[in-house]
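Since the structure comes first, as structure tokens, the remarks are kept for the end.
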Amino acid sequence: MLTIPFIRENKDAILKGLEIKNFHSPELIDQIIELDNERRSLQVKTNELQAEMNRLSKEIGQLFKSGEKEKANQVKEQTTSIKQQLETLEQDLQAANMQLNELLVQVPNIPHPSVPAGKSDADNMEIRRGGDIPKLPEGSMPHWELAKKYKLIDFELGVKITGAGFPVYRGQGAKLQRALISWFLDMNTSAGYEEILPPLMVNEASGFGTGQLPDKEGQMYHATLDNLYLIPTAEVPVTNIYRDVILNAEDLPVKNTAYTPCFRREAGSYGKDVRGLNRVHQFDKVEIVQIQHPSRSYEALEEMVLHVEQLIIKLGLPYRILELCGGDLSFTSALTYDFEVYSAAQDKWLEVSSVSNFESYQANRLKLRFREAGEKRPMLAHTLNGSSLALPRIMAALLENNQGQEGIAIPEVLQPYMGPGNVRIS
RNA sequence: GGAGGAAUGGCAGAGUGGUCGAAUGCGGCGGUCUUGAAAACCGUUGUUCGCGCGAGCGGACCGGGGGUUCGAAUCCCUCUUCCUCCGCCA
């Protein structure tokens with residue numbers, strides 16, 4: 001969330017930014033500033049009374065020590081009315097703080113100045129594209145048919161065991177999945193990311209830290225008995241490693257990568273978009289996370305984009321990179337690039353990665369800070385993350401784009417992970 | 001799951017109702033000494049909110065929440081986590 005000093009000092013810029021994000025609620029900002037004023041005056045009064053209370057308590061202590069019981073009891077009587085006043089004041093102050101927090105979490109992050117205005121994904125701005133869209137031969141199939149033909153993925157079996165959207169990978173399909181995970185992780189670690197294998201369930205505080213709660217409560221699977229959430233992305237447990245942490249400036253950047261399954265309820269999705277691997281409830285993803293110095297976070301964002309781009313190029317997939325418009329930008333992000341690969345048989349672009357700079361928005365919730373050498377006060381760090389990469393749609397595009405008479409060609413970079421001589425699935 | 005013990009500053013560790021935000025040691029930072037370093041000595045060293053142009057002043061925080069009291073690190077309740085033992089288990 002945004003910090004109150006920032007809101008107070010940048011009201012106009014915030015309103016302009018929220019406009020870009022199609023967030024029409026300027027009165028919310030006024031409410032916050034007003035409530036903060038109220039909170040401050042409550043705190044001043046409370047602090048004054050508390051100081052008075054502390055003073056009297058000490059006096060009573062002294063009096064008892066020197067044996068002046070009578071006098072002590074007199075002073076004691078003074079405290080009762082102060083105590084009563086203090087009780088209501090403290091309650092009011094606490095209520096104001098809670099209310100303020102409730103309002104603050106409703107304000108989304110402010111988009112970067114470069115973010116184009118727009119209503120939906122149709123208004124996203126294409127940055128560049130690469131790779132060649134293959135011309136598929138007659139009789140080529142979408143990936144769900146290929147998956148069946150080569151016995152790679154069994155969707156019906158997943159329905160039996162769990163439900164729709166929980167595919168079962170088997171044989172070469174399972175192996176290709178594992179090859180992709182291993183290759184992604186190896187590429188990320190050789191780019192300087194430390195590999196993390198985090199828990200797949202998180203508590204409420206973690207969900208709040210990265211912004212899934214309270215905003216996207218309904219999108220996560222919730223184990224109510226233990227009040228734990230299945231992670232929708234590795235971003236949640238990995239970024240929360242640094243919750244309530246003060247780093248040294250020289251520790252920056254922190255670069256982590258993690259493979260995890262991801263769980264999403266995807267409530268409200270329907271139709272052809274959910275066919276096959278296009279949208280599933282459980283999928284595998286390798287994530288990269290960076291904690292950066294504020295002055296270098298946009299540099300880091302570009303570096304992450306180039307890194308993800310290389311992965312897609314090496315897989316030989318046709319792709320395009322989009323800068324998300326205000327309307328498509330997530331609640332917590334300041335700037336996001338989406339990567340899409342072309343699914344030849346479905347004749348459409350599939351999102352496979354989303355690389356974002358959250359600036360200090362998550363860090364403020366996480367209380368993730370760093371200290372400049374010699375500085376007294378810690379500062380909020382910037383957090384960034386990106387998929388490198390989400391597997392299902394990569395799998396879909398690979399199967400569809402690489403299909404041929406003799407089977408499905410396996411990209412050269414993955415062949416070492418598939419075992420010797422495995423150049424295609426047939 | 002059952003029984004017992006514990007949770008204090010970066011770390012170790014005192015403190016069982018009255019200047020305790022907290023002794024002491026280690027570590028860190030600054031200095032003296034030294035050609036330089038070590039040792040020694042001196043100083044300094046948590047987070048946070050508010051008021052103030054500022055020097056500064058006030059408040060909160062001893063795992064979390066609540067309570068008793070004029071006053072709580074200290075007493076009570078509750079939750080969480082860790083340790084030991086038993087049970088179960090990959």
Side-chain angles (χ1 to χ4, degrees), chain A residues 1-9 32-105 197-209 213 223-229 237 240-252 254 261 360 363-381:
Chain A
M1 58 198 180
L2 302 175
T3 65
I4 291 174
F6 181 83
I7 292 175
R8 298 185 76 96
E9 284 158 33
I32 287 172
I33 294 173
E34 199 181 310
L35 193 55
D36 183 51
N37 288 335
E38 195 184 318
R39 184 200 115 236
R40 282 164 190 243
S41 76
L42 275 172
Q43 188 178 334
V44 171
K45 280 186 211 150
T46 308
N47 285 174
E48 277 169 4
L49 276 187
Q50 282 171 330
E52 176 68 4
M53 216 34 195
N54 288 342
R55 204 183 57 74
L56 289 177
S57 293
K58 266 173 200 164
E59 200 181 321
I60 292 169
Q62 297 294 338
L63 288 172
F64 271 124
K65 227 177 213 173
S66 57
E68 299 173 74
K69 280 203 176 122
E70 285 293 311
K71 222 168 168 192
N73 282 320
Q74 276 172 27
V75 180
K76 235 188 207 183
E77 273 167 38
Q78 285 180 49
T79 61
T80 48
S81 90
I82 298 178
K83 212 183 171 188
Q84 274 169 9
Q85 289 178 60
L86 205 49
E87 205 168 310
T88 53
L89 267 177
E90 275 172 345
Q91 270 171 18
D92 291 351
L93 181 60
Q94 201 186 2
N97 274 321
M98 271 169 63
Q99 237 180 359
L100 191 56
N101 215 48
E102 257 167 52
L103 294 182
L104 277 173
V105 298
L197 190 62
L200 305 183
M201 297 183 106
V202 293
N203 56 29
E204 229 176 316
S206 294
F208 179 81
L213 295 174
T224 51
L225 203 56
D226 297 291
N227 199 23
L228 296 174
Y229 294 86
N240 272 283
I241 292 173
Y242 307 96
R243 170 154 49 87
D244 293 318
V245 167
I246 299 177
L247 297 159
N248 294 315
E250 62 260 32
D251 296 332
L252 301 176
V254 172
S360 59
N364 189 33
R365 288 186 168 210
L366 292 159
K367 298 287 165 266
L368 160 51
R369 290 165 296 170
F370 72 99
R371 201 193 315 269
E372 211 79 65
E375 284 290 318
K376 186 146 177 63
R377 294 184 70 83
M379 278 173 68
L380 291 173

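Below, read A as the first sequence line, B as the second, and so on, with proteins coming before strands; counting in each chain starts at 1.
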Exercise for review: Would you kindly give the CD-to-P distance between A:E52 and B:rG71, to the nearest whole Å?
Suggested key: 13 Å
Measuring only the [atom1] atom in each nucleotide, how far is [N] from [M]? A whole number of Å is fine.
N	M	atom1	result
B:rG27	B:rG15	P	24 Å
B:rC20	B:rA73	P	12 Å
B:rG17	B:rU68	C1'	11 Å
B:rG10	B:rA22	P	14 Å
B:rU69	B:rU16	P	23 Å
B:rA38	B:rU19	P	40 Å
B:rU8	B:rG63	C1'	10 Å
B:rG52	B:rG43	P	36 Å

Check your understanding: Reading nucleotides 46-58 of chain B from the 5' end, what letters show protein touch, with B for base, S for backbone sugar-phosphate only, - for no heavy atom under 4.0 Å?
Key -> -SSBSS------B
Base partner of [N], which must satisfy Watson-Crick or wobble distances under 3.5 Å:
N	answer
B:rU32	B:rA40
B:rC20	none
B:rG63	B:rC79
B:rG25	B:rC11
B:rU84	B:rA3
B:rG54	none

Any donor-acceptor pair under 3.5 Å linking the side chain of [X] with the backbone of [Y]?
X	Y	result
A:N47	A:V44	no
A:N364	A:M1	yes
A:N240	A:S206	yes
A:R371	A:K376	yes

Check your understanding: Less than 4.0 Å between a side-chain N and a carboxylate O, is that true for A:R55 and A:E52?
Key -> yes
Review point. Toward the 5' end of RNA chain B, which comes first, A:K58 or A:T79, by nearest nucleotide?
Key: A:K58
Check your understanding: In terms of the nearest nucleotide of RNA chain B, which residue is placed more toward the 5' end: A:Q94 or A:T80?
Key -> A:Q94
Practice item. Could you tell me whether the side chain of A:L368 reaches within less than 4.5 Å of the side chain of A:L247, counting heavy atoms only? Key: yes
Check your understanding: So do the side chains of A:I7 and A:T3 get within less than 4.5 Å of each other, counting heavy atoms only?
Key -> no
Point to revise | Worked check of side chain to side chain donor-acceptor pair (under 3.5 Å) between A:E90 and A:Q50 | key: CA-CA 10 Å; A:E90 275 172 345; A:Q50 282 171 330; 3.1 Å; yes
Check your understanding: When all nucleic acid strands are considered with a 4.0 Å heavy-atom cut-off, which category describes A:I60: base, sugar-phosphate, or nothing?
Key -> base
Practice item. Give A:S57 one of three labels, base, sugar-phosphate or nothing, depending on what nucleic acid heavy atoms sit under 4.0 Å from its own. Key: base
